[in-house]
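One structure is given here, and the rest of the page talks about it.
We number each residue from 1, following the sequence as shown. All values below were derived from every heavy atom in this structure, side-chain atoms included, with hydrogens, water molecules and symmetry-related copies excluded.
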Amino acid sequence: RSNEHSNPDTIQGWPGSQTNCRSNAQEFLNARTDASSLIDTDEITQDKQQRATPFKSNRVGDQGPEVADIQRRLINLGYPITDPIGTFGESTHETILSFQSTRGLQSHGTCDKITWMAIVEAGYTLGDRVLYLKRPMFRGDDVSELQYRVGSLGFDPGNLDGIYGPKTARALIEFQANVALPTDGICGRSTVNELKRVYGRSSEHIRGVRERAYLRTRNLSLDEATVAIVSSQQLEVSAEILALRLRQNGAHSLNLSSNEQSELAHLANELNADVCIHIDFSTSGVQLAYYSGFSYTSPGGQGLAELIATQFANTLPQLALTLKGMTLPILRETQMPTISLQVQSPTTWVTQSPIIAEIVLTAITSFLKNTSY
């Protein structure tokens with residue numbers, strides 16, 4: 001997987017590291033021209049420890065240093081909390097709900113692993129630390145700002161996902177070459193200053209331009225398409241019903257299950273799927289989500305979500321549906337148009353899975369034919 005969270009702190013199940021460097025290391029590392037060689041083996045060891053350490057979600061009634069850490073981070077982000085530091089009360093609950101809503105996450109008021117990672121990432125701004133290609137990869141709002149700035153200048157960093165991967169490193173190297181900086185793929189003080197000097201907002205990020213161009217020119221039928229149906233292990237049966245319905249109509253469809261969304265995204269990318277459908281439980285009613293975050297909305301994801309929403313309204317009008325952009329890991333880390341279909345009631349998944357499968361089939365068929373992006 002090799003794209004785990006790069007967190008410098010020692011609590012909440014994450015081992016400490018020295019990644020939060022605020023000094024200018026760029027001049028020291030200028031000789032390292034191959035960004036792909038900048039891999040910290042100590043970080044790989046820590047990455048294994050991270051995955052081996054179970055994460056404990058925090059909720060109302062909990063107390064301790066983990067709660068205090070969450071509260072302090074949220075306060076530093078500008079969220080007011082009136083609970084005593086170290087006590088997870090109603091104020092903390094409401095603040096986390098607000099953060100989750102603003103951040104495009106499922107709003108349940110519990111600080112689960114996805115929410116915790118988002119809180120950590122939100123604490124970084126461009127220039128806080130030196131960014132370069134390593135494993136585990138840097139994640140944070142500083143990375144997303146870097147991706148947005150270079151993309152608005154015409155250098156494609158790949159997905160605007162807040163993850164410093166190989167495509168982001170290549171885009172930064174192209175930018176550095178154009179402004180006469182050492183082409184090392186390292187975003188230190190010199191590169192940040194130059195990005196801020198030449199930056200100007202474009203009407204659309206280059207990633208959106210390229211995605212729309214691909215969607216307009218593709219020539220793909222259902223029997224040529226590969227569709228990944230991904231889910232938690234609890235919904236594996238419902239996911240298989242969707243995958244089976246697609247296979248019956250000629251699609252190459254595979255059911256992938258894991259309780260980690262990042263793992264599902266990695267598997268879908270490895271499959272090189274043309275479309276990814278994620279099914280899950282929602283916090284209320286039926287929720288249909290596409291990727292929208294870090295100043296970017298996926299044209300393909302939004303288009304597919306709107307087609308599924310239309311089919312839902314025509315076929316299951318009794319189910320109230322919410323359509324919105326979100327930043328769930330499954331949406332931000334996949335390379336293909338992806339939607340997350342979430343239903344609150346387990347009974348609905350059991351009884352309506354065949355009908356939902358027909359809805360998804362019809363929408364995907366229309367999506368592959370649509371070139372009006």
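Judged by distance alone, the side chain of Thr365 and the main-chain N or O of Leu361 form a donor-acceptor pair under 3.5 Å. Using a distance-only test at 3.5 Å, with no hydrogens or angles considered, a donor-acceptor pair links the side chain of Asp83 to the main chain of Thr92. A donor-acceptor pair under 3.5 Å is absent between the side-chain atoms of Asn314 and the main chain of Gln311, judged by distance alone. With Thr338 contributing its side chain and Gly301 its backbone, the two residues share no donor-acceptor pair below 3.5 Å. Checked by atom type and distance alone, the side chain of Asn159 never pairs as donor or acceptor with a backbone atom of Glu333 at under 3.5 Å. Counting only distance, with no hydrogens or angles, the side chain of Gln71 and the backbone of Gly86 share a donor-acceptor pair below 3.5 Å. Without hydrogens or angle criteria, Lys196 side chain to Val198 main chain gives no donor-acceptor distance under 3.5 Å. In this structure, Ser152 contributes its side chain and Tyr148 its backbone to a donor-acceptor pair below 3.5 Å. No donor-acceptor pair closer than 3.5 Å links the side chain of Gln335 to the backbone N or O of Gly158. A donor-acceptor pair is defined here as one N or O able to donate and one able to accept, closer than 3.5 Å; such a pair exists between the side chain of Thr327 and the backbone of Arg103.
To the nearest 0.5 Å, the span separating CG on Leu267 from OG on Ser257 amounts to 9.0 Å. If you take CD1 on Ile330 and CD on Glu263, they are separated by 10.5 Å, rounding to the nearest 0.5 Å. The structure places CG of Leu319 at 9.0 Å from OG of Ser345, a figure rounded to the nearest 0.5 Å. Ile277 CD1 to Ile339 CD1: the interatomic distance, rounded to the nearest 0.5 Å, is 4.0 Å. Here Asp112 contributes atom CG and Ile96 contributes atom CD1; the two are 9.0 Å apart, rounded to the nearest 0.5 Å. Between the CG atom in Leu341 and the CD1 atom in Ile356 there is a gap of 6.0 Å [rounded to 0.5 Å].
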Go through Asn269 and Met336 one step at a time and tell me if the side chain to side chain contact (heavy atoms under 4.5 Å, CB included) criterion holds.
CA-CA 8 Å; Asn269 291 336; Met336 70 294 298; 3.5 Å; yes
Glu260/Lys113 under side chain to side chain contact (heavy atoms under 4.5 Å, CB included): CA gap, chis, key distance, verdict
CA-CA 10 Å; Glu260 292 283 345; Lys113 186 175 181 179; 3.7 Å; yes
Show your reasoning for whether salt bridge (charged side-chain N to carboxylate O under 4.0 Å, His left out) applies to Arg247 and Glu240.
CA-CA 10 Å; Arg247 289 196 296 269; Glu240 180 58 26; 2.5 Å; yes
Evaluate salt bridge (charged side-chain N to carboxylate O under 4.0 Å, His left out) for Arg218 paired with Asp274, printing each intermediate quantity in order.
CA-CA 11 Å; Arg218 69 182 172 189; Asp274 299 292; over 6 Å; no
Trace of the side chain to side chain contact (heavy atoms under 4.5 Å, CB included) decision for Leu220 with Phe367:
CA-CA 10 Å; Leu220 196 65; Phe367 173 74; over 6 Å; no
Leu172/Leu131 under side chain to side chain contact (heavy atoms under 4.5 Å, CB included): CA gap, chis, key distance, verdict
CA-CA 10 Å; Leu172 184 62; Leu131 300 172; over 6 Å; no
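Residues Val192 and Val179 share a single hydrophobic cluster, defined by chaining ILVMFWY side chains whose heavy atoms lie under 4.5 Å apart. Both Trp116 and Tyr79 are part of a single hydrophobic cluster, where members link through side-chain heavy atoms under 4.5 Å apart. Under the 4.5 Å side-chain contact rule for hydrophobic residues, Leu74 and Val60 share a cluster. If you chain together hydrophobic residues whose side chains sit under 4.5 Å apart, Leu321 and Ile355 fall into the same group. The cluster map of Ile, Leu, Val, Met, Phe, Trp and Tyr, joined by side-chain heavy atoms under 4.5 Å apart, puts Val230 and Leu244 in different clusters.
Between the side chains of Thr115 and Gln100, at least one donor N or O sits under 3.5 Å from an acceptor N or O. Side chains of Glu145 and Thr125: a donor-acceptor N/O pair is absent below 3.5 angstrom, by distance only. A donor-acceptor contact under 3.5 angstrom links the side chains of Ser221 and Asp223, judged on distance only. No donor-acceptor contact under 3.5 angstrom links the side chains of His252 and Thr226, judged on distance only. A side-chain N or O of Ser340 and one of Gln342 form a donor-acceptor pair less than 3.5 Å apart. Under the 3.5 Å distance criterion, with hydrogens and angles disregarded, a donor-acceptor pair is assigned to the side chains of Gln147 and Asp161.
Around the CG atom of Asn259, the shell of radius 6.0 Å holds more than 12 heavy atoms that belong to other residues, nucleotides or ligands. Atom NZ of Lys369 has 12 or fewer heavy atoms from other residues, nucleotides or ligands within 6.0 Å. For Glu224, the CD atom is densely surrounded, since the number of other residues' heavy atoms within 6.0 Å is greater than 12.
Figure legend: cation-pi geometry between Arg139 and Phe294 absent, as NZ or CZ is not positioned both under 6.0 Å from the six-membered ring centre and within 45° of its axis.
Tyr291 and Tyr296 have tilted rings, their planes meeting at an angle from 30° to 60° on a 0 to 90° scale. Ring pair Phe155/Phe175 is perpendicular by interplanar angle, where above 60° counts as perpendicular and below 30° as parallel.
Looking only at side-chain heavy atoms (C-beta outward), Leu97 and Glu94 come within less than 4.5 Å of each other. Side chains of Met137 and Pro166 form a contact here, defined as non-hydrogen atoms less than 4.5 Å apart. With contacts defined as side-chain heavy-atom distances shorter than 4.5 Å, the pair Val67/Thr87 does not qualify. A heavy-atom distance below 4.5 Å is not found between the side chains of Ser101 and Lys324. Side-chain atoms of Ser144 and Asp141, non-hydrogen and from C-beta on, do get closer than 4.5 Å to each other. With contacts defined as side-chain heavy-atom distances shorter than 4.5 Å, the pair Val120/Arg73 qualifies.
When every heavy atom of Gly154 is checked against every heavy atom of Ile206, the shortest pair comes out as O-CD1, 3.1 Å. Closest of all the heavy-atom pairs between Ala228 and Leu271 is CB-CD2, 4.0 Å. The minimum heavy-atom distance linking Gln106 with Leu328 is given by the pair N-CD2, 4.2 Å. Minimum interatomic distance between Thr191 and Gln176 (heavy atoms only, all atoms of both residues): OG1-NE2, 3.2 Å. Glu211 approaches Gly300 most closely through the heavy-atom pair OE2-N, 2.9 Å. Minimum heavy-atom separation, Cys111 to Ile119: SG-CD1, 4.1 Å.
Of the residues listed (Leu133, Val143, Val130, Thr168), the one engaging Phe138 in a side-chain contact (heavy atoms from CB on, under 4.5 Å) is Val143, and it is the only one.
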